[in-house]
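Here's the structure we're looking at; comments come further down.
We name chains A, B, ... by the order of the sequence lines, and we start the count at 1 in each one.
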Amino acid sequence: MSGIGKSQIAEASVTRHASRVTVLRPIVVIIGPTAVGKSQIAVQLARALRTEVLTADSRQVYCGMDIGMDKPTLDERRGVPHRLIDLVNPDEPFNVGTFRRLAIAEIDRLYGEGKVPLVVGGTGLYVRALLRGLWEGPGADWAFRGHLEEQARLKGREYLHQELGRLDPELAGRLHPHDQVKIIRALEVHHLVGQPLSAVQRQHGFSEQPFVPMVIGLTRERQALYRRIEARVDAQLAKGLVNETQGLMAMGYGRHLGSMKGLGYRQIAGYLAGEYGYDEAVRRLKRDTRHFAKRQLTWFRKEPGIVWVTLAEQESVEASAARLQDLVQHFLESLNGNSSSESWDSPGGSAAELPVAPASVPGERD
RNA sequence: GCCGAGGUAGCUCAGUUGGCAGAGCACAGCCCUGAAAAGGCUGGUGUCGACAGUUCGAUUCUGUCCCUCGGCA
């Protein structure tokens with residue numbers, strides 16, 4: 001705790017920033033495929049921005065799934081608080097709606113402290129729901145889903161799609177008859193709110209704009225990314241992914257759980273169940289992770305407004321972070337220019353000095 | 001050198017009783033509104049080792065040659 005005088009100055013400063021940040025609602029988002037190197041760069045950037053990391057990752061929310069989900073260790077976080085990690089047990093429900101509510105709470109808190117939130121993650125739907133809103137519909141009704149799955153078993157794979165064709169022909173036309181997960185959701189919505197999902201989707205259209213975002217997409221040359229994925233899988237195995245999976249299963253977390261269908265646990269669980277050998281499990285894990293990265297890239301490619309940054313293979317984390325810091329600084333300065341002549345920082349400071357200040361002064365926050 | 005097996009997609013191989021070659025994996029493209037690391041869709045021209053013969057037609061049959069892998073010398 002600092003002396004009274006200093007503390008008062010800091011408080012005044014924070015109030016000032018808080019009001020600006022609360023009005024403008026700027027947000028910095030780093031997205032990119034798995035293993036591209038988001039986490040390490042994000043820590044550097046968070047230190048530079050004197051803010052915290054908000055993780056937008058549907059898997060890192062599960063407690064006890066550390067190696068497989070590649071959560072940064074405390075050491076790797078280097079004192080930067082990471083939020084939206086370790087929120088629920090592997091058998092507890094979690095979804096994009098939960099994420100969005102919790103994320104918005106964290107963001108508002110940061111605005112209150114005069115900080116620019118830094119969102120980092122690879123779950124495209126979560127990022128989209130955060131930046132463009134989410135239709136305020138009902139959550140999952142697992143009993144009803146179970147009932148529908150039973151129907152599909154009894155009456156054949158095409159039955160549910162035919163049902164949807166009756167209730168919501170538009171959406172049925174867009175969904176492949178085999179895409180049972182999405183067909184069931186559509187039927188569930190119709191059952192719960194009495195109108196076709198396609199109608200509410202059209203009405204919402206991801207058209208909310210709760211923030212002014214700067215979205216940075218990290219990518220690498222495809223072959224280089226694939227090499228990193230394979231190296232990371234090897235590292236996860238060396239850290240004890242098999243033990244971690246065994247432990248989770250011993251705690252009663254079965255393979256049917258959504259969390260246990262995540263990359264790593266799914267393939268290792270199959271090996272532990274004797275369905276195939278260790279080498280085959282490793283081969284599948286690497287393959288599935290490559291495929292996943294590819295799907296992520298497809299998703300992000302069409303998101304609007306992403307500034308893409310291609311990382312070079314020999315580029316250091318520091319160098320990458322510095323490049324991003326440049327982009328963010330310009331972004332924040334442009335916000336200053338557009339809103340008023342007032343600076344982000346306390347009187348006398350240069351524009352954007354607060355959010356982009358050098359980070360080499362731990363323990364001397366504000 | 002002899003005997004055997006084989007040379008077909010980037011890889012592993014199937015196949016054509018002679019009629020413009022096909023699976024898995026790899027790879028590429030795509031869809032997505034509370035399971036999203038989930039779930040789903042699409043994409044195959046490759047001198048069928050080379051040359052010659054038989055045939056209307058050869059990757060398929062025959063011959064010669066080249067290469068690979070085993071075994072024997």
Side-chain angles (χ1 to χ4, degrees), chain A residues 32-35 55-62 65 68-71 88 90-103 121-142 144-146 148-149 152 157 160-161 168 171 173-186 188-189 192-193 196-208 222-223 225-226 229-230 232-233 236 255-267 280 283-303:
Chain A
T34 186
T55 302
D57 187 305
S58 66
R59 299 289 155 169
Q60 292 193 25
V61 302
Y62 294 112
M65 300 185 139
M69 301 322 183
D70 219 55
K71 291 176 197 161
V88 296
D91 59 351
E92 291 179 291
F94 193 92
N95 58 49
V96 59
T98 322
F99 168 79
R100 182 164 171 274
R101 276 189 292 282
L102 296 173
T123 303
L125 180 62
Y126 284 16
V127 172
R128 182 185 288 176
L130 187 59
L131 298 183
R132 294 158 62 193
L134 185 69
W135 169 60
E136 294 291 339
D141 179 339
W142 287 97
F144 188 67
R145 289 182 184 191
L148 291 179
E149 277 166 15
R157 218 183 179 187
L160 295 180
H161 189 251
D168 186 351
L171 191 54
R174 290 208 312 259
L175 294 178
H176 192 279
H178 293 171
D179 199 350
Q180 203 177 72
V181 169
K182 294 204 175 66
I183 291 169
I184 285 179
R185 172 59 180 165
E188 174 186 69
V189 167
L192 293 173
V193 307
L197 180 56
S198 62
V200 297
Q201 285 179 346
R202 190 164 350 97
Q203 196 177 8
H204 180 266
F206 283 119
S207 56
E208 299 175 40
R222 187 68 61 90
Q223 289 310 312
L225 180 65
Y226 286 178
I229 285 172
E230 308 213 336
R232 193 172 81 178
V233 167
Q236 288 173 323
R255 297 170 68 187
H256 62 282
L257 292 171
S259 57
M260 290 297 280
K261 286 184 184 164
L263 290 169
Y265 305 107
R266 176 203 292 256
Q267 293 81 2
E280 174 64 10
R283 203 202 108 241
R284 290 185 185 208
L285 176 52
K286 288 177 176 176
R287 177 196 68 189
D288 294 345
T289 309
R290 285 194 301 270
H291 289 175
F292 169 55
K294 194 168 174 305
R295 259 181 286 135
Q296 287 178 299
L297 287 167
T298 297
W299 177 286
F300 291 135
R301 214 171 276 149
K302 65 160 194 190
E303 281 295 298

Classify the nucleic acid contact of [X] as base, sugar-phosphate or nothing, counting any heavy atom under 4.0 Å across all strands shown.
{"X": "A:Thr298", "answer": "base"}
{"X": "A:His291", "answer": "sugar-phosphate"}
{"X": "A:Tyr265", "answer": "nothing"}
{"X": "A:Gln236", "answer": "nothing"}
{"X": "A:Gly137", "answer": "base"}
{"X": "A:Glu188", "answer": "nothing"}
{"X": "A:Gly205", "answer": "base"}
{"X": "A:Phe99", "answer": "nothing"}
{"X": "A:His204", "answer": "base"}
{"X": "A:Arg283", "answer": "sugar-phosphate"}
{"X": "A:Asp288", "answer": "nothing"}
{"X": "A:Gly97", "answer": "base"}

**Prompt:** Which atom pair, heavy atoms only, marks the closest approach of A:Lys286 to A:Ile229?
**Reply:**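 Shortest heavy-atom separation between A:Lys286 and A:Ile229 comes out as O-CG2, 4.3 Å.
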**Request:** Search all heavy atoms of A:Trp135 against all heavy atoms of A:Arg185 and return the closest pair with its distance.
**Result:**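 A:Trp135 and A:Arg185 have their closest heavy atoms at CZ3-NH2, 3.8 Å.
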Taking [M] as the reference, what is the distance to [N] when you measure between their [atom1] atoms (whole Å, please)?
{"N": "B:G10", "M": "B:G43", "atom1": "C1'", "answer": "16 Å"}
{"N": "B:G7", "M": "B:A35", "atom1": "C1'", "answer": "49 Å"}
{"N": "B:G34", "M": "B:A28", "atom1": "C1'", "answer": "31 Å"}

Spacing of [X] atom [atom1] and [Y] atom [atom2] [to the nearest 0.5 Å]:
{"X": "A:Phe99", "Y": "A:Thr55", "atom1": "CZ", "atom2": "OG1", "value": "8.5 Å"}
{"X": "A:Gln236", "Y": "A:Thr289", "atom1": "CD", "atom2": "OG1", "value": "7.0 Å"}
{"X": "A:Phe94", "Y": "A:Arg59", "atom1": "CZ", "atom2": "CZ", "value": "11.0 Å"}

Can you check whether [X] has a side-chain N or O nearer than 4.0 Å to OP1 or OP2 of [N]?
{"X": "A:Tyr62", "N": "B:A35", "result": "no"}
{"X": "A:Arg290", "N": "B:C27", "result": "yes"}
{"X": "A:Gln180", "N": "B:G39", "result": "no"}
{"X": "A:Lys294", "N": "B:G29", "result": "yes"}
{"X": "A:His176", "N": "B:C31", "result": "no"}
{"X": "A:Arg266", "N": "B:G39", "result": "yes"}
{"X": "A:Arg100", "N": "B:U33", "result": "no"}

**Request:** Between A:Arg202 and A:Gly124, name the one whose nearest nucleotide on RNA chain B is closer to the 5' end.
**Result:**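 Its nearest nucleotide lies further toward 5', so the answer is A:Arg202.
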**Request:** With RNA chain B as reference, determine whether A:Pro177 or A:Ala140 sits nearer its 5' end, using the nearest nucleotide of each.
**Result:**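 Looking at the nearest nucleotide for each, A:Ala140 comes out on the 5' side.
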**Prompt:** Do we see A:Phe206 stacking on the base of B:U33, given a limit of 5.5 Å between centres and 30° between planes?
**Reply:**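 Stacking between A:Phe206 and B:U33: present.
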**Request:** Measure from CZ on A:Arg222 to P on B:A28 and round the result to the nearest Å.
**Result:**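 Between P of B:A28 and CZ of A:Arg222: 5 Å.
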**Item:** Strand RNA chain B in bracket notation, Watson-Crick/G-U under 3.5 Å with | for pairs to another chain
**Value:** (((((((..((((.....[..)))).(((((.......))))).....(((((..]....)))))))))))).
**Prompt:** Any donor and acceptor pair, going by atom type alone, linking the side chain of A:Glu188 with main-chain N or O of A:Arg145 inside 3.5 Å?
**Reply:**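 A pair under 3.5 Å: no.
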**Request:** Using modelled atom types only, decide if a donor and an acceptor are shared between the side chain of A:Tyr265 and the backbone of A:Ser259 within a distance under 3.5 Å.
**Result:**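 Not at all, since once roles are kept as given, no pair shorter than 3.5 Å links the two residues.
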**Message:** I need the full list of salt bridge (charged side-chain N to carboxylate O under 4.0 Å, His left out) pairs touching residues 289-301 of chain A, with sequence neighbours left out, sorted by first then second residue.
**Reply:**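 Qualifying pairs: A:Glu230-A:Arg290.
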**Asked** Step by step, would you call A:Glu280 with A:Arg284 a salt bridge (Lys or Arg N to Asp or Glu O under 4.0 Å)?
**Response** CA-CA 6 Å; A:Glu280 174 64 10; A:Arg284 290 185 185 208; 2.8 Å; yes
**Request:** Please work out whether B:G34 sits syn or anti, treating a glycosidic angle within 90° of 0 as syn.
**Result:**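 Glycosidic conformation of B:G34: syn.
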**Asked** Below 3.5 Å, does any donor atom in the side chain of A:Lys182 face an acceptor in the base of B:A35, or the other way round?
**Response**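 Side chain to base: no pair present.
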**Prompt:** Is there a donor and acceptor pair closer than 3.5 Å between the side chain of A:Arg185 and the base of B:A35?
**Reply:**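 No such pair is found, so the answer is no.
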**Options B:U33, B:G40, B:A35, nucleotide nearest the side-chain atoms of A:Arg157** =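 Nearest to the side-chain atoms of A:Arg157, counting from C-beta on, is B:G40.
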